[in-house]
Amino acid sequence: MIVNMEKKFDTIWINGAFTTCEPDHPFIQNGAMAVTNGKIAWIGNMVDLQSTPELLSHHVKDLQGRCVTPGLIDCHTHLIYGGNRAHEFELRLQGASYEEIARANGGIQSTVNATRSLSEEMLFEQSANRLQSLMQSGVTTIEIKSGYGLDWPNELKMLRVAKRLEETFSIKIFKTFLAAHTFPSEYKNNQEKYVDLICEEMIPIVAESSLADAVDVFCEKIAFNITQTERIFKTAKKYGLAIKCHAEQLSNTGSAALAAKYQALSADHLEYASLESIKTMAESYTVAVLLPGAFYYLREKKLPPIELLRQYHVPIAIASDSNPGTSPILSLTLILNMACTLFGLTPIEALHGVTRNAAKALGIEKTHGTLSVGKNADFAVWNVNNPIELIYYIGNNPLYCTSRSQNIVE
Ligand code: DI6
Ligand code: FE
């Protein structure tokens, strides 16, 4: 018997269809979920509630049969940037390749120029609009990379904007330092000096000032080679930062295996990853982050090795890769659709790719990614009865509301 003076839960959500993304209890058809201090305190069938909802909490919310999922996690984005690259989109439609445009000082370098020229205030404003769009597609946690500054003042400007976005919108932002995105024009003929700058000056400050959670490298013919990548990984590890890698997007470099050897949280893209890379990833629990938006915009033909990832039980996450060059996409539900239609993931695999496995790709799986007792109460409520409908429609917005534990001061 519950004593009326003290209610058991802060809030209780009733009459919902819960997709927990837990392997053991994936769906609760007519369920309830209770939240206390920003954590999930109880989840189960309505019939198993200890008492009537009103006796359990002052705040009873009737979901009226709506579908509830964990809050979506976009675990790979480049959301903070200046300008846009619509012109390159046009050039590619006329037959120019991404590499050709990059080598002609377009590509990442052109966004670096545009980002450097913006004030911190303007950069914040432009990025805030994009963040709000992604949040409207159910995103409650997001990873954002630096990498369009490529000198210390501008990389720092990006990381400060990320922090301000986090505070302004009460959303968890995992910050990744990506000074190793490409060689800025002033170091084009002196690449080693730029790697020195990253390893000897930038990473130590990033780590000591807790400006980022991880370090990422774009390992590719047009960016950092495998030796340079390894040196940056070693430095990141030495300073206690997690590792991520843009691996084998355009060619087979062995970078996914290298990232796994350094216990990277994730290796991302992977269109050209080999069997060897996948075996190494499986051994080190490195998550495969697949990015169908970039595959789509580049009109890539080579699919990532989905079947091998399944066979070796490498967790598959999917993300927007939201960026001005190869994936100007601001809807994670569209990305869910693309993961199914372009990559052949099942809808449930895709959903796990933006929840439980995306949490693993950020190393936050103890607190995020599933609707389970003890985890943060980050969830999305949708105006649909079945989670497959989130993936099936394009162009409507079925989001009803989200709840983010970041809102709650503990
Ligand atoms: N791979 C990508 O998909 C983005 N970065 C990367 O290394 C593209 C970034 C850009 O073209 O601006
Ligand atoms: Fe990327």
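Residue indices begin at 1 and follow the sequence shown. Just so you know, ligand 1 is whichever comes first in the structure, and atom 1 is the first atom listed for that ligand.
No hydrogens or angles considered: nothing links the side chains of Ser284 and Gln263 as a donor-acceptor pair under 3.5 Å. Using modelled atom types, one finds a donor on one side chain and an acceptor on the other under 3.5 Å when comparing Asp268 with His76. Side-chain N/O atoms of Gln228 and Glu192 include a donor and acceptor closer than 3.5 Å.
Using a 4.0 Å heavy-atom cutoff, Thr111 is absent from the residues neighbouring ligand 1. The closest approach between Glu220 and ligand 1 stays at or above 4.0 Å for every heavy atom of the residue.
The shortest N or O to N or O distance between Asp321 and ligand 1 is below 3.5 Å.
The neighbour count for Lys188 NZ, taken as heavy atoms of other residues, nucleotides or ligands under 6.0 Å away, is above 12.
Counting only non-hydrogen atoms, the option in Tyr297, Tyr148, Phe295 that gets closest to atom 9 (C) of ligand 1 is Tyr148.
Between Tyr187 and Tyr194, the ring planes are tilted. Angles from 30° to 60° get that label. Classified by interplanar angle (parallel below 30°, tilted 30° to 60°, perpendicular above 60°), the ring pair Tyr148/His78 is tilted.
With ligand atoms numbered from 1 in the order given, ligand 1 contributes 10 (C), 11 (O), 12 (O) to contacts under 4.0 Å with heavy atoms of Arg85. Against a heavy-atom cut-off of under 4.0 Å, Thr326 is close to the following atoms of ligand 1: 2 (C), 3 (O), 4 (C), 8 (C). Remark: ligand 1 atoms within the under-4.0 Å shell around heavy atoms of His78 are 4 (C), 5 (N). Residue Asn323 has at least one heavy-atom neighbour below 4.0 Å for each of these atoms of ligand 1: 3 (O), 4 (C), 8 (C), 9 (C), 10 (C), 11 (O), 12 (O). The distance from ligand 1 to the heavy atoms of Ile108 drops below 4.0 Å at these ligand atoms: 9 (C), 10 (C), 11 (O), 12 (O). Remark: ligand 1 atoms within the under-4.0 Å shell around heavy atoms of His269 are 1 (N), 2 (C), 3 (O).
Between Asp216 and Lys145, at least one side-chain N (NZ, or NE/NH1/NH2) sits under 4.0 Å from a carboxylate O, which counts as a salt bridge.
The residue Tyr81 has no part lying near ligand 1, judged by heavy-atom distances below 4.0 Å.
Screening Lys163, Arg160, Arg164 for a salt bridge (charged side-chain N to carboxylate O under 4.0 Å, His left out) with Glu120, the sole residue that qualifies is Arg160.
Within the cation-pi definition used here (under 6.0 Å to the ring centroid, within 45° of the axis), Arg130 qualifies as a partner of Tyr81. Both the sub-6.0 Å distance and the 45° axial angle are not jointly satisfied by Lys234 relative to the ring of Tyr262.
Vertex the Fe ion (ligand 2), arms ending at NE2 of His78 and NE2 of His76: the angle is 100° after rounding to 10 degrees.
Ring-centre distance between Phe343 and Phe295: below the 6.0 Å cut-off.
In this structure, atom 1 (N) of ligand 1 lies nearest to the protein heavy atom Gln249 OE1, 3.1 Å. From the protein, the heavy atom lying nearest to atom 6 (C) of ligand 1 is His246 CD2, 3.3 Å. What sits closest to atom 11 (O) of ligand 1 on the protein, heavy atoms only, is Tyr98 OH, 2.5 Å. Closest to atom 5 (N) of ligand 1, if we only count protein heavy atoms, is His181 NE2, 2.9 Å.
The Fe ion (ligand 2) is closest to atom OD1 of Asp321 (considering only N, O or S atoms).
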